[in-house]
Amino acid sequence: MGRAEQPSGLAGGGVIRMSRAEQPSLPSGGGVIGVCRAEQPPGQAGDLIEVRRAGPRTTVQDLGRPGWAHLGVPRSGALDPAALALANRLVGNPADAAGLELTLGGGELRLTRAGTVAVTGADVDVRVDDRPGDVGRPLAVPAGAVLRIGSPRHGLRNWLAVDGGIAVAPVLGSRSTDTLSGLGPPPVGDGDRLPLGPPAGPPAPVDFTVGRPVPEELWLTLRPGPRADWFTPEALELLRGTAYTVSPVSDRVGARLVGAALARAVAGELPSEGVVLGAVQVPADGQPLIFLADHPTTGGYPVIGVVDDVTGLAQARPGTTVRFHGPQR
């Protein structure tokens, strides 16, 4: 196979092309995205989120579609599953209900029925019409009211849950958008209308919740990868001992890092082999990249290490400092 395993928008390599599963036809902008299936019956006819402004990059996400990697389908799902699960619990949904993942905020949404919403993740201004709200608390939204989510003061992403969940059609058991393969609904755009399911339960009786802090410097636990022996001892020391920064061309597929180039001890080609969430792949330019939720399931560049927990990268803006340490720390 070719070595087109780079995250979309990253330099070097091409793009792995995957055929779409039997996907329901999706209307162009302004239509209702998806059709509900039996596993989540729709709410009343016309129960929708109307997207007045989608923001820079917004997708529908749940907890993903595990179990399909052998067919070339990654898990996908929210980049911070705990943040989405918290938002769902706050509005009375099951933890795996579908919500919205917003990158750099900027969303403006209108509910056609009264409902409860919750925003988790980065610190942002939230308003329901002219009424201010709080991140990490359930908010009552009257029918026809407009929910506005500002730009994060720190961090990068937010997760929005609405009681009843977003009831687009599931594909392979998940409503998540996979930005690499194209499975699931398309990215959310201005004018889209998203169907809502029926409320599952009352909102949580909470006064506040504690969110994940956004550190200025992100430390990641790194374990040796299957191709660590393809790199010089000096390269391994560089990876563990120097600071890298997050590149602006990072996305849901992977976080590309900029810093000391990692030299190989083994030259030549590597046949494509399986890769996992958190795999640290090193392309020909020597700059490491960390695979995230929408990663390909195979890769042709050597994997020098694997990060135990990539959740912190969900809030890592371009320029964020990243350092690695071993599991013994």
Side-chain angles (χ1 to χ4, degrees), residues 5-13 15 55-59 61 74 76-83 101-106 120-124 151-159 179-180 187 211-223 225 231 235-236 238-262 275-296 299 301-326 329:
E5 305 81 6
Q6 293 272 23
S8 56
L10 299 184
V15 175
R57 187 174 298 176
T58 298
T59 57
Q61 299 295 337
S76 195
L79 286 181
D80 186 341
E101 180 177 279
L102 298 93
T103 302
L104 288 176
T120 57
D123 182 25
V124 295
S151 298
R153 283 179 279 272
H154 306 284
L156 191 61
R157 291 182 174 90
N158 292 95
W159 290 267
T179 60
L180 180 64
R212 180 189 292 266
V214 179
E216 295 182 3
E217 186 172 86
L218 185 61
W219 284 86
L220 300 175
T221 302
L222 182 74
R223 298 180 184 274
F231 296 88
L236 295 170
L238 275 175
L239 185 62
R240 291 191 293 258
T242 61
Y244 287 83
T245 57
V246 175
S247 165
V249 293
S250 302
D251 58 13
R252 281 183 48 86
V253 179
R256 186 177 180 92
L257 305 181
V258 179
L262 304 176
V275 294
V276 298
L277 179 70
V280 182
Q281 195 183 67
V282 183
D285 63 1
Q287 299 293 311
L289 64 93
I290 306 169
F291 280 132
L292 302 179
D294 291 349
H295 67 86
Y301 292 113
V303 173
I304 191 172
V306 179
V307 172
D308 277 0
D309 183 3
V310 298
T311 306
L313 289 165
Q315 299 293 5
R317 291 191 177 208
T320 298
T321 299
V322 174
R323 292 182 180 271
F324 297 97
H325 61 80
R329 183 186 179 203

If we ignore hydrogens and angles and just use 3.5 Å, is the side chain of [X] paired with the main-chain N or O of [Y] as donor and acceptor?
{"X": "Thr58", "Y": "Gly55", "result": "no"}
{"X": "Gln281", "Y": "Gly299", "result": "no"}
{"X": "Asp309", "Y": "Gly312", "result": "no"}
{"X": "Arg317", "Y": "Gly155", "result": "yes"}
{"X": "Asn158", "Y": "Leu102", "result": "no"}

Applying side-chain hydrogen bond (donor to acceptor under 3.5 Å, both in side chains), can you list everything that pairs with [X], at least two apart in sequence or on another chain?
{"X": "Thr120", "answer": "none"}
{"X": "Gln315", "answer": "none"}
{"X": "Thr103", "answer": "Arg157"}
{"X": "Asp80", "answer": "none"}

Is there side-chain contact between [X] and [Y], with at least one heavy-atom pair below 4.5 Å?
{"X": "Leu277", "Y": "His295", "answer": "yes"}
{"X": "Arg256", "Y": "Pro283", "answer": "yes"}
{"X": "Arg252", "Y": "Leu79", "answer": "yes"}
{"X": "Pro215", "Y": "Thr320", "answer": "no"}
{"X": "Leu257", "Y": "Val246", "answer": "yes"}
{"X": "Pro74", "Y": "Phe291", "answer": "no"}
{"X": "Phe324", "Y": "Ile290", "answer": "yes"}
{"X": "Phe231", "Y": "Val282", "answer": "yes"}

Exercise. With sequence neighbours left out, what residues match Val306 under side chain to side chain contact (heavy atoms under 4.5 Å, CB included)?
Worked result: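 Partners of Val306 under the side chain to side chain contact (heavy atoms under 4.5 Å, CB included) test: Val276, Val303.
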Taking all non-hydrogen atoms of both residues, which atom of [X] and which atom of [Y] are closest, and how far apart?
{"X": "Ala293", "Y": "Gly77", "answer": "CB-O, 3.7 Å"}
{"X": "Leu239", "Y": "Pro288", "answer": "CD1-CG, 4.3 Å"}
{"X": "Pro152", "Y": "Ala122", "answer": "CB-CB, 3.6 Å"}
{"X": "Ala260", "Y": "Tyr244", "answer": "O-OH, 2.7 Å"}
{"X": "Tyr301", "Y": "Ala284", "answer": "CE2-N, 3.8 Å"}
{"X": "Leu220", "Y": "Leu313", "answer": "CD1-CD1, 4.1 Å"}

Can you sort out the partners of Glu217 under salt bridge (charged side-chain N to carboxylate O under 4.0 Å, His left out), two or more places apart, ordered by chain and number?
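Here the qualifying residues are Arg323.
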task = Inspect the contact between Arg57 and Glu101 and indicate whether a charged nitrogen and a carboxylate oxygen are less than 4.0 angstrom apart.
result =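 Looking at Glu101 and Arg57, the cut-off is not met.
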**Q.** Criterion side-chain contact (heavy atoms from CB on, under 4.5 Å) on Asp294 and Ser76, from CA distance to verdict
**A.** CA-CA 5 Å; Asp294 291 349; Ser76 195; 2.7 Å; yes
Exercise for review: State which residue, out of Leu289, Leu262, Leu222, fulfils the side chain to side chain contact (heavy atoms under 4.5 Å, CB included) condition with Val280.
Suggested key: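 Checked Leu289, Leu262, Leu222 against Val280; only one passes side chain to side chain contact (heavy atoms under 4.5 Å, CB included): Leu222.
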